[in-house]
Amino acid sequence: MQIRELSFDIFISQEKLQARIQEMGAELSQLFVDKNPLFIIVLNGAFIFAADLIRNYKGNCETLFTRIKTYTGTASGEISEFTGLSKAVNNRDVIFIEDIIDTGKTVYHLQNEIELLHPASVTIVTLLQKNILRPNLVKADIIGFEIPDVFVVGYGLDYKENGRNLPEVWSLKQ
Ligand code: IMP
Ligand code: MG
């Protein structure tokens, strides 16, 4: 599969994604039963994963969206855009939904910002966590799939804004 000048191979099938997301939803449902957690969806990449994950969450919950931008092309960068956390998180059980953790910079930044708003608890959920030799700043509490240090697209993740619509995850051809 081709996006602009890059070629990609299938990496995680639709079936595998959906099966794992059902398990993650069940785990969260157990952990947060009767807690009315606040899901904070980290835009843009997490929108598709979040839509599937929260529909596998059984119980009352609320959602909030935050936008954070760090990636340029296929390389991690500095935080360039950040919006959205409101004071509604005071004393709430917050669950961040991320698409992927690479260097951990994004999640580290989000954790610092959220602590200022005094949540009751903070849980990080990510669909993908890159398993890199250098120590990550942050590891998620709940991880869909640990993957090697490859660039991936699909299922919400983009390459230059393309590929978010793909129902599978694809990895850059080596
Ligand atoms: P981090 O701050 O380095 O952990 O990067 C996290 C953000 O960069 C993620 O939320 C993604 O939006 C983006 N990102 C990281 N790795 C990839 C990738 O392989 N493909 C597409 N986007 C990625
Ligand atoms: Mg992201």
Side-chain angles (χ1 to χ4, degrees), residues 1-14 16-18 20-21 24-25 28 38-54 63-85 89 94-116 119 122-174:
M1 191 265 304
Q2 189 82 15
I3 300 179
R4 296 176 188 245
E5 74 284 12
L6 301 182
S7 304
F8 293 86
D9 292 318
I10 186 97
F11 192 61
I12 308 175
S13 70
Q14 202 171 353
K16 271 196 179 164
L17 287 170
Q18 295 303 328
R20 180 68 189 120
I21 290 164
M24 296 169 89
L28 287 167
L38 176 65
F39 284 101
I40 303 186
I41 298 157
V42 185
L43 297 174
N44 291 335
F47 78 113
I48 302 232
F49 170 48
D52 284 341
L53 183 66
I54 64 173
T63 55
L64 186 82
F65 298 85
T66 185
R67 185 179 154 85
I68 187 156
K69 197 166 179 202
T70 49
Y71 239 64
T72 24
T74 61
S76 177
E78 296 306 312
I79 311 274
S80 65
E81 213 182 299
F82 178 67
T83 52
L85 288 186
V89 302
V94 166
I95 306 171
F96 274 114
I97 306 184
E98 256 288 18
D99 48 358
I100 185 164
I101 299 180
D102 179 358
T103 63
K105 263 186 232 164
T106 305
V107 166
Y108 180 76
H109 183 79
L110 287 169
Q111 276 182 328
N112 287 342
E113 295 289 329
I114 201 87
E115 290 303 337
L116 302 173
V122 179
T123 302
I124 312 275
V125 179
T126 189
L127 178 65
L128 305 172
Q129 172 116 32
K130 285 190 190 169
N131 198 343
I132 310 179
L133 288 178
R134 69 184 134 86
N136 278 18
L137 283 173
V138 181
K139 198 156 184 184
D141 301 294
I142 300 179
I143 297 171
F145 300 86
E146 289 203 40
I147 66 169
D149 190 11
V150 289
F151 183 76
V152 289
V153 295
Y155 201 69
L157 291 148
D158 73 300
Y159 171 56
K160 296 188 178 168
E161 292 305 325
N162 282 243
R164 295 193 195 274
N165 58 313
L166 297 162
E168 315 81 11
V169 173
W170 296 72
S171 63
L172 184 63
K173 227 186 237 315
Q174 297 295 323

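Atoms within each ligand, like the ligands themselves, are counted from 1 in listed order.
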Item to complete: May I have the step-by-step check of side chain to side chain contact (heavy atoms under 4.5 Å, CB included) for R164 and L157, ending in yes or no?
Response: CA-CA 5 Å; R164 295 193 195 274; L157 291 148; 5.9 Å; no

Have [X] and [Y] got a donor and an acceptor in their side chains that come within less than 3.5 Å?
X	Y	value
D52	Y155	yes
Y108	E113	no
Q2	S7	yes

Worksheet entry | I101-ligand 1 polar pair, N/O distance under 3.5 Å | no

Practice prompt. Please determine if D158 has a nitrogen or oxygen closer than 3.5 Å to a nitrogen or oxygen of ligand 1.
Written response: no

So, 4.0 Å and heavy atoms of [X]: is ligand 1 close enough to count as a contact?
X	result
H109	no
L157	yes
I68	no

Practice prompt. With rounding to the nearest 0.5 Å, note down the distance linking CD1 in I21 to CZ in F145.
Written response: 7.0 Å

Discussion item. Please compare I100, T126, L43 and report which has the shortest non-hydrogen distance to atom 11 (C) of ligand 1.
Written reply: I100

Which ligand 1 atoms does [X] reach within 4.0 Å, using its non-hydrogen atoms?
X	value
T106	1 (P), 2 (O), 5 (O), 6 (C), 7 (C)
G104	1 (P), 3 (O), 4 (O)
D99	9 (C), 10 (O), 11 (C), 12 (O)

Practice prompt. Please work out which of the three classes, parallel, tilted or perpendicular, describes the rings of F151 and F8, given edges at 30° and 60°.
Written response: tilted

Worksheet item: Does a salt bridge link K139 with E146, judged by any charged N lying under 4.0 Å from a carboxylate O?
Response: yes

